[in-house]
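Counting convention: from 1, in listed order, for ligands and their atoms alike.
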Amino acid sequence: MELSVCFIILSLLCYPLPLKGNPNVSPFPSNFLFGTASSSYQFEGAFLSDGKGLNNWDIFTHNPGNIIDGSNGDIAVDHYHRYQEDLDLMQHLGVNSYRFSISWARILPKGRFGSVNKAGIMHYNNLINTLLLKGIQPFVSLTHYDIPQELENRYGAWLSPHVQEDFKYYADICFKYFGDRVKYWTTFNEPNVAVIRGYRTGIYPPSRCSSTFGNCTNGDSEKEAFIAAHNIILSHAAAVDVYRTKYQKQQGGSIGIVMNAAWYEPISNSLENKQAAERAQAFYMNWFLEPIIMGKYPEVMQEILGSNLPAFSNHDQGKLKSTGLDFIGINHYTSFYIRDCMFSVCEQKPGAGTSKTEGFVLRTSTKDGVSIGEPTALDWLYVYPQGMEKILTYIKERYNNIPMFITENGFCENDRSGKGLTEESLNDVKRVEYISGYLDAIAEALRKGADIRGYFLWSLLDNFEWTMGFTVRFGLHHVDSTTLKRTPRTSATWYRQFIANHTAPEILMPKHVSGSHQTQHFNTI
Ligand code: GBH
């Protein structure tokens, strides 16, 4: 038989073509990215090593009372020193991508007011090169909450327009040093969460809020989150502009932003509650996406907030529209019910979301005493896989089916390390159920035509969960608190199998060879 005929038959037998509607065929395209996600502060540790500068989270965690178990990320899970071992774990899982963030203060200990730390550059070069040798694509965030403390001290970081210059300078350095090998960039991780928690409720650095919203010494909850967001949006545009004008053509990568995206289910079918759910999206996610993609804040935010919402100049608007983004990164974990508080009176708990600043909506996990899904170890995380398909479809429709990556999704359990490494802590069936339910929902969205290009599970390892410290565990691998030894959980085996089942055979999808990292990035940008 002709070789080409053989090839065609083989293709038909083995290649998981995304045949719409056929449940027996994998809807995941052959170049779909499967990976795990991490962030520098939560994983790296080595907080004083090799010339790294201090960042806002170093300062914040060392302030007593900020972290529930008094812990910090000084050592975290020591990924800085153990990355080779961790990359071996990834290789074993069979992932083809790894989402991580660069520690800004490791590259620029004093922002643009000092020199580039060569040891920091070397570390990420080693990490990136080792990944590529294993056929794993780096998917890199420029910042994941951590920024050099210097910027905070000098001019109040995100509250000042000066920060745009710093972010642009830093982004340029990253593209210059790493962009020959990194083909997927994101500017910010969850800027919506960072500003809400940093400047409205004050539970993240720089701990600013008004007394009605939280317990801070300084701040203005009704204004500052919007100012910080404004500077972040313009910083994003500045970095994308640098990428587009100086690097993209020659390096051939793409650039986006990562938003935290919850699904907001109207608590009833009333028009008021439906509008409230839409308002909740405006005040949470579209707050950033609409300016970045369309050059303006959502109409409803402008109407409600008036002069508390900064305005874009004509020049800014032009810049935003011309730079935009190539894809949206979506961190989706859970869903909420939304109740209208504009036309009806809601119980006023400070910071519960019901105020004008938060769009007059009440976000709640229960309806008539029944929770939206199964509860987990974190008070905000309920299992509601339908929400994944709904949020993907919502974004697809609102933003013209722009390419999407699920940059985070995952499940947490309580830390039971008091009992040591038990059978129970490794046999994480609840995590497997969660992941498989959410992946099914993604498959469904793909079948219905959403342009989804990757999925990153949070997370490869148990790690430092911000204000929750080490009290909750998100890992496919258990990490021992004293020895930092990594042990695979049932979910690791499950994810490995899932990827194997949904990946085209070797012959049809060659693994990347070291140096040829061009194979997987898309060309529709
Ligand atoms: C992501 O944050 C982070 O990117 C990642 O670093 C983190 O480890 C991971 O998820 C797991 O938490 O508190 O009422 O606003 C998600 C943080 C916390 C943001 C919960 C959305 C919604 C409920 N999320 N929050 S509320």
Side-chain angles (χ1 to χ4, degrees), residues 36-44 57 67-68 73 76-77 79 99-101 103 139 141-146 186 188-205 209 213-214 225 257-264 280-281 283-285 287-288 329-338 349-354 357-359 361-366 371-373 375-382 384 387 391 405-414 431 434-435 438 456-476 479:
T36 61
S38 74
S39 86
S40 49
Y41 190 76
Q42 296 175 277
F43 263 62
E44 286 181 357
W57 276 87
I67 308 301
I68 199 167
V77 288
H79 185 57
R99 174 172 180 244
F100 63 92
S101 76
S103 159
F139 192 108
S141 307
L142 292 172
T143 52
H144 191 123
Y145 301 166
D146 54 333
T186 64
F188 290 89
N189 177 73
E190 299 188 348
N192 49 346
V193 172
V195 303
I196 289 173
R197 297 193 157 187
Y199 301 91
R200 186 179 295 157
T201 57
I203 59 171
Y204 282 6
C209 62
F213 283 76
I257 195 166
V258 173
M259 295 301 297
N260 185 270
W263 172 249
Y264 293 136
Q281 289 297 1
F283 275 72
Y284 196 64
M285 181 176 74
W287 175 13
F288 288 77
I330 299 156
N331 290 357
H332 177 78
Y333 290 86
T334 200
S335 298
F336 294 89
Y337 290 117
I338 296 291
K349 263 189 279 158
T354 56
T357 309
E358 297 151 295
V361 297
L362 178 70
R363 231 168 43 163
T364 163
S365 304
T366 56
S371 60
I372 192 161
T376 67
L378 280 171
D379 60 0
W380 54 267
L381 213 175
Y382 290 81
Y384 187 70
I391 190 72
F405 289 87
I406 289 103
T407 35
E408 280 179 39
N409 171 246
F411 181 88
C412 70
E413 292 173 305
N414 275 315
R431 178 171 289 111
Y434 175 97
I435 304 169
Y438 276 71
F456 296 88
L457 202 101
W458 186 274
S459 181
L460 180 74
L461 308 173
D462 293 338
N463 63 85
F464 178 77
E465 180 57 26
W466 308 113
T467 50
M468 299 301 285
F470 294 103
T471 62
V472 291
R473 293 174 175 267
F474 268 96
L476 293 177
V479 177

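Between Gly475 and Asp462, the shortest heavy-atom distance links the atoms N-OD1, 2.9 Å.
Side chain to side chain, Ser101 and Ser40 meet the donor-acceptor criterion of an N or O pair below 3.5 Å. Looking at Ser38 and Ser459, their side chains never bring a donor and an acceptor atom within 3.5 Å of each other.
Residues Arg473 and Glu465 are not paired through a salt bridge, judged by the lack of any N-O separation under 4.0 Å between the basic side chain and the carboxylate.
Results of the ring pair (Phe, Tyr, Trp, His ring centres under 6.0 Å) test with Tyr145 over Tyr204, Tyr41, Phe464 single out Tyr204 as the only residue that passes.
The side-chain contact (heavy atoms from CB on, under 4.5 Å) search around Ile338 returns Tyr264, Ala276, Ala277, Ala280, Val361, Arg363, not counting sequence neighbours.
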Between ligand 1 and the protein, which N/O pairs are shorter than 3.5 Å?
from     : atom 1 : to     : atom 2 : distance (Å)
ligand 1 : 2 (O)  : Glu190 : OE1    : 3.0
ligand 1 : 2 (O)  : Glu190 : OE2    : 3.4
ligand 1 : 4 (O)  : His144 : NE2    : 3.2
ligand 1 : 4 (O)  : Asn189 : ND2    : 3.1
ligand 1 : 4 (O)  : Glu408 : OE1    : 3.1
ligand 1 : 4 (O)  : Glu408 : OE2    : 2.9
ligand 1 : 6 (O)  : Gln42  : OE1    : 2.7
ligand 1 : 6 (O)  : Gln42  : NE2    : 3.4
ligand 1 : 6 (O)  : His144 : NE2    : 2.8
ligand 1 : 6 (O)  : Trp466 : NE1    : 2.8
ligand 1 : 8 (O)  : Gln42  : NE2    : 2.8
ligand 1 : 8 (O)  : Trp458 : NE1    : 3.3
ligand 1 : 8 (O)  : Glu465 : OE1    : 2.7
ligand 1 : 10 (O) : Tyr333 : OH     : 3.2
ligand 1 : 10 (O) : Glu408 : OE1    : 3.1
ligand 1 : 12 (O) : Glu465 : OE2    : 2.6
ligand 1 : 13 (O) : Arg197 : NH2    : 2.4
ligand 1 : 14 (O) : Arg363 : NH2    : 2.7
ligand 1 : 15 (O) : Arg363 : NH2    : 2.7

